[in-house]
Peer 1: 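Structure incoming, see below.
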Amino acid sequence: MHSISKLSLTIAIVGIAVIALVGCSSAGSTAAPQAGSTAAVNAPAAPPAEAFEDNVLTTKDVMIKITDVKTIPVGEKGNEYGKEPVIAFWYDTTNVSGKETDPMTAWIFLFAAYQDNDPNAENKLGVGSLPDAAFLDSQTSKIKKGGTVANAVAYELSDTTTPVKLVASTILQDEIGSMTFELK
């Protein structure tokens with residue numbers, strides 16, 4: 001009789017456990033979605049796409065928005081000391097990631113300017129003097145995460161008629177995009 005009561009007790013415990021499991025699984029079911037149904041999934045956020053279009057460069061670390069472009073002849077304000085005319089870009093740099101950066105470094109690492117006026121070789125333009133004295137003190141200011149700092153940069157032109165192609169690239173030289181600017 002003793003063994004029958006142990007068996008009865010075991011069956012009773014297993015029965016309670018089964019009832020408890022069935023009760024748990026039906027309340028708040030997480031069954032796999034059926035074919036053709038829709039399920040919400042918590043996926044990690046995708047990193048922002050890198051792009052350079054409509055005067056805006058977007059990377060995972062910075063956003064640079066070109067706000068003005070001018071051609072400045074030798075001797076004029078913004079090119080008082082240069083020996084060549086320049087194309088100057090005014091821009092705002094926003095620190096997206098919080099990685100240490102400043103407006104000048106962000107621009108120099110991400111952009112290169114070219115004039116396609118040599119049939120045999122690539123004509124990469126050299127950086128000229130700062131075209132706007134208003135940025136003398138702020139061009140190397142560290143930008144806080146979410147902060148935006150304005151700056152300007154100039155490139156020495158090899159002629160005043162050939163358009164300038166501004167190319168945005170990653171540090172590994174993978175091209176993000178480019179824009180062509182007509183000289184005025």
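Side chains included, hydrogens not; waters and symmetry mates left out as well; all remaining heavy atoms used.
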Peer 1: Keeping to residues at least two apart or across chains, list the side chain to side chain donor-acceptor pair (under 3.5 Å) pairs with something in residues 122-131.
Peer 2: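 Side chain to side chain donor-acceptor pair (under 3.5 Å) check on residues 122-131 returns Asn117-Asn123, Asn123-Ser158.
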
Peer 1: Minimum heavy-atom separation for Met63 to Thr58, with atom names?
Peer 2: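 Heavy atoms of Met63 and Thr58 come nearest at CG-OG1, 4.2 Å.
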
Peer 1: To the nearest 0.5 angstrom, please state how far the CD atom of Glu100 sits from the CG atom of Asn95.
Peer 2: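 Interatomic distance, Glu100 CD to Asn95 CG, rounded to 0.5 Å: 9.5 Å.
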
Peer 1: Got a sec, which residues hit side chain to side chain donor-acceptor pair (under 3.5 Å) with Thr94, two or more places apart in sequence or on another chain?
Peer 2: Thr148

Peer 1: Could you tell me which residues satisfy side chain to side chain contact (heavy atoms under 4.5 Å, CB included) with Asp174, sequence neighbours excluded, listed by chain and number?
Peer 2: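 Once residues adjacent in sequence are excluded, the partners of Asp174 under the side chain to side chain contact (heavy atoms under 4.5 Å, CB included) criterion are Thr170, Leu172.
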
Peer 1: Please enumerate all residues that pass side chain to side chain donor-acceptor pair (under 3.5 Å) together with Thr105, with sequence neighbours excluded.
Peer 2: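 Partners of Thr105 under the side chain to side chain donor-acceptor pair (under 3.5 Å) test: Asp102.
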
Peer 1: What about Met104 and Ile64, same hydrophobic cluster or not, with Ile/Leu/Val/Met/Phe/Trp/Tyr joined at side-chain heavy-atom distances under 4.5 Å?
Peer 2: yes

Peer 1: Got a sec, which hydrophobics cluster with Ile72, joining ILVMFWY side chains under 4.5 Å apart, including via others?
Peer 2: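 In the cluster with Ile72 are Val86, Trp90, Leu130, Phe135, Leu136.
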
Peer 1: Return each pair, listed once, that meets ring pair (Phe, Tyr, Trp, His ring centres under 6.0 Å) where at least one residue sits in residues 162-184; pairs must be two or more places apart or across chains.
Peer 2: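 Output for this query lists Phe89-Phe181.
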
Peer 1: Within the 4.5 Å heavy-atom criterion, are Val62 and Leu110 side-chain neighbours or not?
Peer 2: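 Contact flag for Val62/Leu110 side chains = yes.
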
Peer 1: If you take all heavy atoms of Thr180 and Lys165, which pair is closest and at what distance?
Peer 2: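 For Thr180 versus Lys165, the nearest heavy atoms are OG1-CG, 4.1 Å.
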
Peer 1: Minimum heavy-atom separation for Glu50 to Ile176, with atom names?
Peer 2: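 Distance-wise, the nearest heavy atoms are C-CG2, 3.7 Å.
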
Peer 1: Can you name the residues that form a side chain to side chain contact (heavy atoms under 4.5 Å, CB included) with Lys145, not counting sequence neighbours?
Peer 2: none

Peer 1: Is there a chain of hydrophobic side chains (I, L, V, M, F, W, Y, each step under 4.5 Å between heavy atoms) that links Ile108 to Val164?
Peer 2: yes

Peer 1: Output all residues satisfying side chain to side chain donor-acceptor pair (under 3.5 Å) with Thr162, sequence neighbours left out; order by chain, then residue number.
Peer 2: Asp159

Peer 1: Tell me, please, which residues at least two apart from Glu175 pass salt bridge (charged side-chain N to carboxylate O under 4.0 Å, His left out).
Peer 2: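 Glu175: no salt bridge (charged side-chain N to carboxylate O under 4.0 Å, His left out) contacts found.
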
Peer 1: What ring pair (Phe, Tyr, Trp, His ring centres under 6.0 Å) pairs are there with at least one residue in residues 110-131, not counting sequence neighbours?
Peer 2: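 Listed once each, the pairs are Phe52-Phe111, Trp107-Phe111.
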
Peer 1: Please find the pair of heavy atoms, one from Ser138 and one from Ala150, that lie closest to each other, and give the distance.
Peer 2: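 Minimum heavy-atom separation between Ser138 and Ala150: OG-O, 3.9 Å.
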
Peer 1: Would Tyr155 and Val167 show up in the same hydrophobic cluster when neighbours are defined by side-chain heavy atoms closer than 4.5 Å?
Peer 2: no

Peer 1: If you count every heavy atom of other residues, nucleotides or ligands that lies below 6.0 Å from Asp116 atom CG, does the total exceed 12?
Peer 2: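 Count not over threshold, so no.
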
Peer 1: Going only through I, L, V, M, F, W and Y residues with side-chain contacts under 4.5 Å, is there a path from Ile87 to Val127?
Peer 2: yes

Peer 1: How close do Thr160 and Leu183 get, heavy atom to heavy atom, and via which atoms?
Peer 2: C-CD1, 3.5 Å

Peer 1: Just how far is it from atom OG1 of Thr101 to atom NZ of Lys144, taken to the nearest 0.5 Å?
Peer 2: 15.5 Å

Peer 1: Using every non-hydrogen atom in the two residues, find where Pro103 and Asn151 come nearest and quote the distance to one decimal.
Peer 2: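 Result for this residue pair: CB-CB, 3.6 Å.
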
Peer 1: Return each pair, listed once, that meets side chain to side chain donor-acceptor pair (under 3.5 Å) where at least one residue sits in residues 61-85; pairs must be two or more places apart or across chains.
Peer 2: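 For residues 61-85: Asp61-Ser97.
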
